[in-house]
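Right, one structure below, let's go through it.
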Amino acid sequence: MAREALRIRDLVVEPGAKRRDLLKVGETGSGPIALPVVVVHGGRPGPTLCLTGGTHGTEYPGQTAVRIMTRQLDPAALAGTVIAIPVLNMPMFAARTAFISPIDGLNLNRVAPGRPDGTISELIAHTLFSEILPLATHHIDCHGGDLTETLWPYAAYRLTGKPELDELGGTMARLYTPGIFALFREGTPLTLTSGTITSEAAKRGIASILGECGSAGGLDPADVRTHLDGITNVMRFLGMLTGEPVLREPQLMGVGQFVVQAGHGGLLRLSVGIGETIAEGQELGEIWDVFGDVVETLRAPARGLVRIIWTHKVVNSGDVVLKCWVTEPAPPFTLPDRIPR
Ligand SMILES: [Zn+2]
């Protein structure tokens with residue numbers, strides 16, 4: 001049977017073609033807010049993979065990888081379809097704000113699946129969940145490196161309790177990450193905040209993973225490469241691209257997480273770096289008051305791996321200064337042949 005054209009509103013993409021459009025989601029006083037969409041509709045049948053970047057508009061490496069991938073893909077050689085949104089959150093992209101929309105004060109990654117009668121962030125989520133993701137079998141949300149965070153790369157999937165979907169999602173996360181992956185699950189130390197895009201997509205039966213890599217509003221080519229390698233690896237696993245997927249090893253599994261908070265305000269002088277393994281009780285740094293007196297010595301409450309360091313150097317009482325993984329060696333990896341993909 002001949003493959004059909006893919007349609008999203010007025011965007012009609014024939015098999016073997018690549019097209020793009022801007023989908024209006026709402027309006028501001030100065031004009032429309034739109035989703036930039038690129039569809040690469042392969043000439044051969046296969047999965048439909050949705051790629052999203054810029055959920056947080058100032059996380060640049062992931063969205064850049066999405067752009068590069070859509071430009072590289074040859075629809076004639078592609079098995080299946082890629083529906084890519086390089087930047088989901090155009091208001092944040094334009095305003096260069098971290099995590100929160102400048103229009104409605106909402107975090108797009110906390111309001112999924114959105115609302116048709118909501119504000120701009122909720123309308124973006126609603127458009128994604130009502131018009132884009134229902135077309136997809138698989139999804140990768142590319143994050144990492146917002147203005148105020150230095151981050152150690154990882155990939156994650158939220159377990160749903162559906163064995164085949166969970167095995168697929170876990171495999172995709174392991175093939176995406178350069179080292180650490182995590183399987184989030186309600187009621188465990190790795191509970192995901194509600195309203196995240198990947199968890200809501202997984203609840204709807206889409207194998208949807210989170211890929212995180214980037215640092216402090218930067219656009220390091222190595223971080224872009226990490227995302228591109230992850231996307232390529234997953235697409236090879238799904239049979240969309242030729243070539244064998246390669247697991248990047250060694251891998252660690254995140255099984256818990258903890259934060260280190262400042263008890264006092266002052267200048268933070270950390271003595272550990274991103275990705276470092278820390279021992280329980282290890283000195284992590286000092287907080288100085290304005291004169292340089294040490295008002296607090298920070299110590300690790302447990303053994304962990306430093307996952308996020310916030311870039312601000314002056315902290316207030318209660319501020320989180322580090323977020324850490326509790327890790328275990330990853331279980332042996334085998335490519336699951338039996339699951340439909
Ligand atoms: Zn993000």
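Counting starts at 1 for both ligands and their atoms, following the listed order.
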Exercise. Considering only N, O or S atoms, which atom of His56 is nearest to the Zn ion (ligand 1)?
Worked result: ND1
Exercise. When you measure from the Zn ion (ligand 1) to each N, O or S atom of His143, which atom gives the shortest distance?
Worked result: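 Sorting the N, O and S atoms of His143 by distance to the Zn ion (ligand 1) puts ND1 first.
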Exercise. Does the shortest distance from the Zn ion (ligand 1) to an N/O/S atom of Asp146 fall below 2.8 Å?
Worked result: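 Coordinating: no.
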Exercise. Among the clusters formed by ILVMFWY side chains lying less than 4.5 Å apart, do Leu51 and Tyr60 turn up in the same one?
Worked result: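 Yes; Tyr60 is reachable from Leu51 via cluster members.
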Exercise. Is Leu183 linked to Phe333 within one hydrophobic cluster, defined over Ile, Leu, Val, Met, Phe, Trp and Tyr using a side-chain heavy-atom separation of less than 4.5 Å?
Worked result: yes
Problem set entry | Test side-chain hydrogen bond (donor to acceptor under 3.5 Å, both in side chains) applied to Thr58 and Thr148, Asn89, Asp146, the passing residue | Asp146
Exercise. Nearest 0.5 Å, what's the CG-CD1 distance between Leu133 and Ile83?
Worked result: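 These two atoms lie 8.5 Å from each other.
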